[in-house]
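Report on one structure; see the data block that follows.
So that the names make sense, note that chain A is the first sequence line, chain B the second, and so on, each numbered from 1.
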Amino acid sequence: MAREQKPTGWPDFARGVAGGVILGLPLIYTQEVWLHGATLSPRIILLLLAGTFGLNLALSKFVGFEGGRTFRPFEDATVGFGASILMATGLALLLRRIDGSMSFGNILGIISLSSIPISLGFALGNALAPAGGGQGAREMKGGAGDLLAAAAGAVVLSLNIAPTEEPVLLAYQLGIWHLGTIVVVSLALSFLIVFHAEFGDVQGRSETPGAIHTPGVETLLAYLVAFAVAGGLLASFGEIQGLDGPSLAEVVVLAFPASMGAALGRLLV
Amino acid sequence: MTKSNKTKTGPLRQRTAFEWAILVISVAAIATIGVGLVLYSVQFEKRSAEIEISIEPAIGENSFILSVENRGGTTAEDVVIEVARGDLTQLVEFRAIPKAGQEEATFYLEGTGAPTASLVTFKEP
């Protein structure tokens, strides 16, 4: 007997958004993407996009949205790819990698290159964190376990960015409003990934008693952990010397990918 | 002959408003990028790099901002500009100036009079 098909909803879509942000952010923090997005021939970029769409199509056959529609893999790949373009646009604007002074073609190039890893992350969102948590997750439940997982995830995602020039460069180029928006987006996306994207033990997490398991408090604490990890890594690599404004800006910039790693880490427990 | 009203995973169902909305928005985003890149390719790709140089005073004595604009349709790589002030000269290098893009660099050059700049070399990919 065929199972009843439920429609694709916001939690399914949010799962894709989460996967896209987690896998796409490290590349968004890469100067070569900013440069090659503007310098590569549009034909080469179109070829890269076509190849990526093919890969998305193949992935969507296995880990797409809910079934019950004609051309489901094609539709899922289209939605994933389109959403990734919009997400890449948002992230590029947030980090001021595109603005009105640039030529339209160069803006399209930067958005296109950035959307490639995001779209693959979108398609893989389903497989990133298994429902019910990973193996051994039960032993790590509780406030300290969650924060430990957050710290581990933050290190994993920010360690390959911390020693590079990009956090310093971005911090230098971003104003107070952009930095404030990055903090708000870091918190909002963490909240969305952990409590609204339907993967991991989302139901159990929302219902776990205790002050730290209030969604707002947990999100804030996990962000503070990510912030501390980002500051620690930047200090370890000699990128920040003290508690001045520029150093704080660098930590805010690196805390963005770190907080996404912290969210992923919490999903695995 | 009638087509079976089923998919491999079960019976067909109507798309919800949410599914239609994300599908339409996604198609629009893909079309914008695709059409934009094709148009940009047709319009600019065959034009070679066209470098224009300008110099403005920067904050601080003997400091200047060198602006290099590429008005062509091809990226200029390994761009080398010679700036001169009186008898003194200096080379300023840029890794790449994107097609229809602009890059800036600040340089310090002692001497008298207004500085001048000339293009030494660049490569096209």
Side-chain angles (χ1 to χ4, degrees), chain A residues 1-10 12-13 16 31 34-47 49-50 53 61 64-72 75-89 101-112 115 119, chain B residues 3-47 49 69-77 79 94-104 123-125:
Chain A
M1 188 177 137
R3 69 183 175 96
E4 192 184 337
Q5 303 289 355
K6 69 171 189 172
T8 301
W10 167 246
D12 302 305
F13 189 74
Q31 283 186 69
W34 314 337
L35 179 70
H36 291 307
T39 57
L40 269 180
S41 157
R43 288 181 206 172
I44 293 173
I45 294 175
L46 276 168
L47 277 176
L49 290 181
F53 186 80
K61 274 184 85 76
F65 290 140
E66 301 295 339
R69 291 159 290 149
T70 48
F71 311 115
R72 188 195 64 79
E75 183 178 325
D76 289 352
T78 304
V79 167
F81 208 61
S84 303
I85 289 169
L86 296 176
M87 286 158 63
T89 308
S101 68
M102 298 170 70
S103 78
F104 186 58
N106 293 350
I107 290 174
L108 289 180
I110 291 171
I111 291 172
S112 301
S115 71
S119 70
Chain B
K3 276 176 91 178
S4 170
N5 202 26
K6 282 182 178 178
T7 67
K8 280 181 182 175
T9 53
L12 280 174
R13 59 176 172 78
Q14 293 289 313
R15 284 181 184 82
T16 62
F18 179 77
E19 287 173 332
W20 273 117
I22 56 175
L23 180 60
V24 168
I25 292 169
S26 298
V27 169
I30 294 170
T32 304
I33 288 283
V35 172
L37 284 173
V38 169
L39 286 178
Y40 195 71
S41 170
V42 171
Q43 195 176 355
F44 289 103
E45 186 111 279
K46 286 176 183 164
R47 285 172 50 190
E69 188 177 359
N70 178 2
R71 295 194 171 184
T74 307
T75 296
E77 292 180 350
V79 180
F94 295 87
R95 188 173 162 195
I97 312 291
K99 50 195 168 6
Q102 184 177 326
E103 293 289 329
E104 287 183 349
K123 287 193 298 193
E124 287 189 352

Set of ring pair (Phe, Tyr, Trp, His ring centres under 6.0 Å) partners for Phe53(A), sequence neighbours left out
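If we apply the ring pair (Phe, Tyr, Trp, His ring centres under 6.0 Å) test to Phe53(A), skipping adjacent residues, the hits are Phe74(A), Phe81(A).
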Name the region of Val24(B), side chain, backbone, both or neither, that has any atom closer than 4.5 Å to a heavy atom of chain A.
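Contact with chain A involves no heavy atom of Val24(B) at all.
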Closest heavy-atom contact between [X] and [Y]?
X: Leu35(A); Y: Ala96(B); result: CD1-CB, 4.1 Å
X: Pro98(B); Y: Asn106(A); result: CB-ND2, 3.7 Å
X: Pro42(A); Y: Lys99(B); result: CD-CE, 4.1 Å
X: Leu23(B); Y: Glu75(A); result: CD1-CG, 3.7 Å

Nearest 0.5 Å, what's the [atom1]-[atom2] distance between [X] and [Y]?
X: Ile45(A); Y: Ile33(B); atom1: CD1; atom2: CD1; result: 9.5 Å
X: Ser26(B); Y: Ile85(A); atom1: OG; atom2: CD1; result: 8.5 Å
X: Ile107(A); Y: Tyr40(B); atom1: CD1; atom2: OH; result: 10.0 Å
X: Glu19(B); Y: Asp76(A); atom1: CD; atom2: CG; result: 8.5 Å

What residue, out of Val27(B), Ile25(B), Ile30(B), has the most heavy-atom pairs lying under 4.5 Å from chain A?
Ile30(B)
Checking Glu69(B) now: which residues fulfil salt bridge (Lys or Arg N to Asp or Glu O under 4.0 Å) with it, not counting sequence neighbours?
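For Glu69(B) the salt bridge (Lys or Arg N to Asp or Glu O under 4.0 Å) partners, ignoring immediate neighbours, are Arg71(B).
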Step through the shown structure and confirm whether more than 12 heavy atoms of other residues, nucleotides or ligands are within 6.0 Å of CZ on Phe18(B).
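Enclosed.
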Residue Leu108(A) versus chain B: region with a heavy atom under 4.5 Å:
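Both parts, backbone and side chain.
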So what's closer than 4.5 Å to chain B heavy atoms on Ile111(A): side chain, backbone, both or neither?
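Looking at Ile111(A), just its side chain touches chain B.
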Evaluate the side-chain proximity of Leu49(A) to Leu37(B): yes if any heavy-atom separation is below 4.5 Å, no if none is.
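Answer yes - side chains close enough.
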